[in-house]
Structures are given as structure tokens and as C-alpha cells.
Amino acid sequence: MKLNERSLAFYATCDSPADNAGFLYKRGERHTAYHRRWFVLKGNMLFYFEERESREPVGVIVLEGCNVELCESAEDFAFAIRFGGAKSRTYVLAAESQAAMESWVKSLSRASFDYMRLVVRELEKQLEEMYQGASGVCRGCWGAPGSWKPKPLGPEQAPERLPALPAVLPKENGCAVWNNALGAAQPPDTSGCRGHDGEGNPRPPPLPPRRRASSSEVGSGVTAVAESPSTFCQLHERYGQEVARLQQNWLERRRGPRP
């Protein structure tokens, strides 16, 4: 496998986040002495530098087809990176503490694409099982019509019921008085259902306050409209008649008295 040195050096020192970084002791290939190096793990590549401030790495280990395992060595907290080939090199490293060694072994074991492939397969399997379970639940819910029933609301979740308006508005000085305040005196409802009459039909809305008749209307003999029509059509017709009479009176006053 051929690698571009400049590309590797740039990737090792760029600002991309590292999976792990820290000092490790690396045993030499020819000499068994350990040298303290700064290691940086990015993806499946393990770079090592002479110093933390070095601009270029001394070497790189591609973590594919290898096993990370503990080993016996003169140094404490030692572990090895072993490759499968007969002539492949084995890298022996040592951490400065037990926690650092466990962290590096875990990170290096998860760095290869083989491990990521296994993780993706496991996640795909779990996702498929979730889809199958969800589809089974949906078929069970919709398969039996009428099996679903709304859950009754508890006393804490019961919606607030507004007080019903009185069927007959009280009057004060000949005018209807609106009083929707809570706790206002209301006539008892004998129908058994609020807002409906004895036959179960909805009650018409209460009439707004009526205006007082003027002196001219009293003198001309204009009578007030009957109260509380039972339907909207009757209410509309009665108010239309009153408007027509008022319009006729206005036209007569505009023309003046007849000769």
C-alpha cells in the first residue's frame, strides 16, 4: 500500500478532532529500549511524534487487520498491536497508568473499518427488528375495528365546564340584563342536559338587550317586538319587519305632511 507522505503529514497535524491522544512508550524494532512518543489516533491511523510540538509525525500505523491485546513486558501497563501476516511487525506500547492503558486499548480496538462494519450490521439488524415490531403493533391496533376506546379523563385532566346561560334573562327597568359571571343565580335546569330543551333540541341563543322605545315611537303607536322567538328564522323575520317600519316612517317624515 502506497501512502502520500505530505497528505499524511497534513492530516496528522490538521485541526480535525482526534479520537485519542497522549504520551505512550514505544518499544523499538531492533533495540528493546522504550522511547516516549506522542501518539495521535485519527480514524484508523495511529500517528506518533517525537514531541508533542513536532510538525511532522515520525511514523504511522494503519489499524486494519490487527488485534490489540495485553502483553507481558518489562514496562508496566503494556499492550501490543499484532497483525495477521507471518512477517508482519508487532508494535509493543506501554501507557503511564492503568486508566490510560484501558482507554488506548478500547480506542485502538474500535478504530478499524472491520469493527465499524460489525457495528453497522448490528444496528441494521436492530432497526429491522424495530420496524417489524412496529408494523405488528400497528396491524394489531387497526385490525380489530371498535377495539380502541378513549381513555377517560381523570379529575385532574377533566376540562373546565362553563356555566350555561339562563333561558330567560332577568330584566331591570324594562331591559334585559346580561350576567355571565360565575356563581350568578340561574333557574334550575329540569331537562337533564345543559343547553337543550326537554325534547333534546338545542336551545336558541338568548336575545341581546333591547333598546328603549323613543317618545315618538310611543306616540305613534309603534309596539315592541315580541320577546324570545323560538327559531332564528322567526327572529330574522321580526327584526326585518321592524326595520321596514322604521324605514317607512323615515321616508314619510322626509316627504313632509301631506296637503
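Just so you know, residue 1 is the first one in the sequence shown, and it goes up from there. Model, not experiment: these values are computed from the prediction.
Geometrically, K42 engages Y11 in a cation-pi contact defined by less than 6.0 Å to the ring centre and at most 45° from the axis.
Heavy atoms from other residues, nucleotides or ligands lying under 6.0 Å from CD of E56 number 12 at most. More than 12 non-hydrogen atoms from other residues, nucleotides or ligands lie less than 6.0 angstrom from CZ of F23. Open room surrounds CZ on R52; 12 or fewer heavy atoms of other groups in view lie less than 6.0 Å from it. Counting heavy atoms of neighbouring residues, nucleotides and ligands inside a 6.0 Å radius, atom CD of E129 exceeds 12 of them. The neighbour count for E128 CD, taken as heavy atoms of other residues, nucleotides or ligands under 6.0 Å away, does not exceed 12. For E122, the CD atom is densely surrounded, since the number of other residues' heavy atoms within 6.0 Å is greater than 12. Environment of CD in E51: sparse, with no more than 12 heavy atoms of neighbouring residues, nucleotides or ligands closer than 6.0 Å.
Cluster annotation: L118 and L123 are assigned to distinct hydrophobic clusters (Ile/Leu/Val/Met/Phe/Trp/Tyr, side-chain heavy-atom contacts under 4.5 Å, transitive). L41 and F39 fall within the same hydrophobic cluster, where Ile, Leu, Val, Met, Phe, Trp and Tyr residues are linked whenever their side-chain heavy atoms come under 4.5 Å apart, directly or through other members.
L46 is listed as a side-chain neighbour of I81, based on a closest heavy-atom distance under 4.5 Å. Between S73 and Y34 the shortest side-chain heavy-atom distance falls below 4.5 Å. E64 places a side-chain heavy atom less than 4.5 Å from the side chain of D114. With contacts defined as side-chain heavy-atom distances shorter than 4.5 Å, the pair L93/Y25 does not qualify. Within the 4.5 Å cutoff, no side-chain heavy atoms of W38 are placed close to those of L24. Looking at E102 and F77, their side chains never come closer than 4.5 Å, going by heavy atoms from C-beta outward. Side-chain contact between R89 and Y91 is present, with at least one heavy-atom pair separated by less than 4.5 Å. Looking at heavy atoms from C-beta onward, L8 lies in side-chain contact with F47 at the 4.5 angstrom threshold.
In terms of the salt bridge (Lys or Arg N to Asp or Glu O under 4.0 Å) criterion, residue partners of E96 (sequence neighbours excluded) are, by chain and number, R36. Scanning for salt bridge (Lys or Arg N to Asp or Glu O under 4.0 Å) contacts around D76 gives an empty result, with sequence neighbours left out.
Between E50 and R37 there is no salt bridge, since no side-chain N of the basic residue sits under 4.0 Å from a carboxylate O of the acidic one.
For D19 (side chain) and G43 (main-chain N/O), a donor-acceptor pair under 3.5 Å exists by modelled atom type. Side chain of S88 to backbone of G84: no donor-acceptor contact under 3.5 angstrom is found.
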